[in-house]
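Report on the following structure.
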Amino acid sequence: YEEGLHVSLTDSEQEVFCVSEEGFLTEQYLLDKLREIIEEVPLCGASDVKKLLAFVHPVCREHLFDIEIAAYLINPLMSSYEHEDLKKPYAALTTFKKMPELLKKLDEMGMRKLFDEIEMPLVFTLYDMEQAGIRVNGEELREYGEALVGRIEELEKKIHEAAGEVFNINSPKQLGVILFEKMGMKGGKKTKTGYSTNAEVLEKLKDKHPIVPAIMEYRQLTKLKSTYADGLAGCIAKDGRIHSKFNQTITATGRISSTEPNLQNIPVRMELGRLIRKVFIPAEDCIFLDADYSQIELRIMAALSGDPAMCGAFREGRDIHTETAARVYGIPRDQVDAVMRRAAKTVNFGIIYGISAFGLSQRLGCPRGEAATLIENYFTQFPVVKSFMEDLVHKAEQAGYAETLLGRRRMIPEINSANKTIKSAAERTAINTPIQGTAADMIKIAMIHVDKLLKGTRSRLILQIHDELLVDLHRDELDLIPKIEEAMVSALPLPNGVPILVEARTGGNWLEAH
């Protein structure tokens with residue numbers, strides 16, 4: 001609080017003690033006393049216990065309870081998990097009353113272990129990561145911004161020349177008039193505010209005229225400049241590092257999200273986008289270690305479904321995309337070319353998200369009939385995968401939720417909707433949740449293990465990006481690399497003997513390590 005530190009405590013439903021920083025009750029005195037209490041008895045935090053760690057860290061890890069995280073596990077679809085009463089002085093009383101109720105509910109839903117052994121220990125790991133932050137080369141970031149400006153100006157000139165006039169490229173209304181009226185392109189859909197020029201519309205037009213890919217690149221680069229070149233510069237702290245926030249209660253799948261700024265959506269496809277990783281550099285006397293799970297969602301799909309062909313390919317160390325291509329095209333593995341493998345890769349990852357023939361045809365740029373045949377051939381070759389997916393949908397229809405290997409639940413209230421579009425989307429969620437959610441559980445366990453492994457060393461875990469971990473690895477501690485890999489591999493063994501593979505790379509900046 002602006003007026004000073006306030007501590008609200010209770011050990012019963014009758015009395016609440018509120019102590020404020022005043023006179024001899026200094027902030028340090030209150031914190032010292034609070035630490036003494038926490039070492040002896042459990043601390044039930046009102047919400048976002050991670051914020052409290054700045055005041056009471058280190059504490060006995062078994063003595064923490066976060067009702068916000070407990071409520072999130074029970075229902076991950078809520079927009080907020082903070083009870084209105086938790087914002088008031090008697091927050092301690094509300095928290096004290098809610099704790100047994102939430103623990104009972106977690107026990108009933110089979111998620112108490114998930115809460116005790118993954119989510120609560122993870123609070124400490126995420127706190128350590130936020131405190132550590134990631135170092136940024138400010139000069140490199142400035143040069144990156146200048147390079148973007150140069151390319152953006154080139155594209156702007158090219159677009160205006162192609163259009164035959166100067167106009168505001170950032171105005172969808174003006175752009176629509178140029179494309180669909182002045183240049184006469186087909187497929188324009190006019191609304192009350194003008195023609196739609198969203199990414200989907202431009203994707204369909206990209207082969208019609210060189211102006212379209214130039215506009216697409218222009219949009220991507222202006223976003224890179226505002227989000228990264230400009231945005232990141234404002235997030236660098238006095239220590240030369242960016243201290244992103246890691247959130248446990250945002251995503252419905254159980255994945256951790258990153259905000260202020262978001263470091264999890266650094267572009268990977270565009271070359272200029274990928275180059276932003278060069279500005280992130282290791283701490284002094286360190287290198288970056290980037291370790292990520294290889295094809296983890298496909299391995300989880302194989303393991304949970306038990307499909308013998310898919311499990312066999314992973315157990316024998318064969319490339320799953322080549323294997324899939326050989327099967328869906330009906331040819332020997334050594335005859336699979338790059339185009340076939342790329343198509344098979346799109347099918348493999350698309351199946352996890354319940355891709356339709358139309359969606360696949362859009363991604364591959366092929367006729368819908370050809371895409372439908374690929375999907376049909378896929379399910380013919382991996383029949384257990386199809387029955388597994390159908391079973392997941394059926395279970396969700398009966399229970400109203402889908403769950404991960406460890407029992408994390410995601411409610412899917414729309415699964416029995418009479419609206420076909422809504423129901424289809426819910427079915428895709430029912431299929432994807434056990435796979436993406438299990439991957440989320442696995443990386444969380446890995447983070448806890450790696451953080452514990454690095455305690456007492458000069459290396460530290462600094463970033464998590466979905467299936468990838470980034471470590472500031474001290475140059476004298478390279479022997480930690482196989483230990484970190486093992487911590488990730490052993491985090492959550494998969495059924496049906498499907499092996500987990502971790503790929504680790506090192507470098508002098510994030511781009512080199514990635």
Side-chain angles (χ1 to χ4, degrees), residues 49-50 53 61-62 64-66 69-70 72-73 76 106 109-130 132 246-258 264 289-304 314 402-410 432-455 457 459-471 480-504:
V49 164
K50 184 148 54 72
L53 296 184
R61 299 195 173 204
E62 289 72 28
L64 269 186
F65 177 89
D66 189 320
I69 292 174
Y72 163 73
L73 275 180
L106 287 171
M109 296 175 73
M111 288 193 287
R112 180 64 182 274
K113 192 173 180 181
L114 197 63
F115 178 77
D116 289 340
E117 298 182 11
I118 299 179
E119 294 296 344
M120 284 314 304
L122 188 66
V123 171
F124 290 86
T125 297
L126 296 180
Y127 173 79
D128 290 342
M129 289 166 62
E130 288 180 1
F246 297 100
N247 313 295
Q248 279 174 271
T249 60
I250 301 293
T251 70
T253 57
R255 275 184 165 184
I256 296 162
S257 69
S258 161
Q264 292 183 327
L289 170 69
D290 187 301
D292 71 307
Y293 286 113
S294 172
Q295 302 170 334
I296 194 61
E297 291 189 350
L298 289 178
R299 290 171 188 271
I300 290 170
M301 165 69 97
L304 297 187
F314 281 122
E403 61 183 357
T404 70
L405 183 61
L406 296 182
R408 180 187 300 275
R409 291 187 186 181
R410 175 177 178 171
N432 177 248
T433 293
I435 298 162
Q436 194 179 100
T438 297
D441 289 341
M442 184 183 292
I443 195 79
K444 284 180 173 180
I445 298 168
M447 290 167 71
I448 295 165
H449 288 180
V450 170
D451 188 40
K452 187 177 179 182
L453 173 69
L454 299 182
K455 285 286 179 281
T457 72
S459 303
R460 50 190 175 174
L461 177 64
I462 57 172
L463 196 58
Q464 181 262 4
I465 315 95
H466 307 312
D467 306 327
E468 172 188 350
L469 296 182
L470 191 65
V471 174
L480 287 171
I481 295 176
K483 295 176 184 176
I484 291 169
E485 290 176 326
E486 176 54 29
M488 293 178 70
V489 167
S490 62
L492 181 58
L494 294 176
N496 292 306
V498 174
I500 296 166
L501 181 65
V502 170
E503 296 177 344

(request) Could you please spell out the steps behind the side chain to side chain contact (heavy atoms under 4.5 Å, CB included) verdict for Y127 and F246? (result) CA-CA 8 Å; Y127 173 79; F246 297 100; over 6 Å; no

(message) Return the CG to CD1 distance between L492 and I500, rounded to the nearest 0.5 Å.
(response) 6.5 Å

(request) Give the C-alpha distance, both sets of side-chain angles, the deciding distance and a yes or no for side chain to side chain contact (heavy atoms under 4.5 Å, CB included) between D292 and V502. (result) CA-CA 6 Å; D292 71 307; V502 170; over 6 Å; no

(message) Measuring only between side-chain heavy atoms, which start at C-beta, is L114 closer than 4.5 Å to D441?
(response) yes

(message) So which atom in L304 and which in P434 form the shortest heavy-atom distance, rounded to 0.1 Å?
(response) CD1-O, 3.9 Å

(request) Decide side chain to side chain contact (heavy atoms under 4.5 Å, CB included) for T125 and K444; before the verdict, give the C-alpha distance in whole Å, the side-chain angles of both, and the deciding distance to 0.1 Å. (result) CA-CA 9 Å; T125 297; K444 284 180 173 180; over 6 Å; no

(request) Return the minimal non-hydrogen interatomic distance between P495 and A303, and the atom names on each side. (result) O-CB, 3.4 Å

(message) Rounded to the nearest 0.5 Å, what separates atom CZ in R255 from atom CD1 in I250?
(response) 15.0 Å

(message) To the closest 0.5 Å, what do you measure between CD1 (I435) and OG1 (T253)?
(response) 12.5 Å

(request) Take M447 and I256, measure what side chain to side chain contact (heavy atoms under 4.5 Å, CB included) needs, and give me the verdict at the end. (result) CA-CA 11 Å; M447 290 167 71; I256 296 162; 3.6 Å; yes

(request) Over all heavy atoms of both residues, which pair between P121 and D116 is shortest? Give the atoms and the distance, please. (result) CD-O, 3.2 Å

(request) Starting at CD1 of I296, measure out to CG of L494 and round the result to the nearest 0.5 Å. (result) 5.5 Å

(request) For E486 and M488, indicate whether the former's side chain and the latter's backbone hold a donor-acceptor pair under 3.5 Å. (result) no

(message) To the nearest 0.5 Å, what is the distance between CG on L463 and OG on S258?
(response) 6.5 Å

(request) State whether the side chain of R409 and the backbone N or O of G110 hold a donor-acceptor pair below 3.5 Å, judged by distance alone. (result) no

(request) Before accepting this row, confirm whether a basic side-chain N of the pair E119/K50 lies closer than 4.0 Å to the acidic partner's carboxylate O. (result) no

(request) Starting at CD1 of I448, measure out to NZ of K452 and round the result to the nearest 0.5 Å. (result) 10.0 Å

(request) Grab the two heavy atoms, one from Y293 and one from A446, that are nearest each other, plus how far apart they are. (result) OH-CB, 3.3 Å

(request) Determine yes or no for a side-chain-to-main-chain donor-acceptor pair under 3.5 angstrom, with T438 supplying the side chain and L405 the backbone. (result) yes

(request) Inspect the contact between K455 and D128 and indicate whether a charged nitrogen and a carboxylate oxygen are less than 4.0 angstrom apart. (result) yes

(message) Restricting to non-hydrogen atoms, name the atom on Q264 and the atom on S257 that form the minimum distance, rounded to 0.1 Å.
(response) OE1-CA, 3.3 Å

(request) Spell out, as yes or no, whether a donor-acceptor pair under 3.5 Å connects the side chain of R299 to the backbone of F314. (result) no

(message) Can you give me the closest heavy-atom contact between Y72 and Q248, atom names plus distance?
(response) CE2-O, 3.1 Å

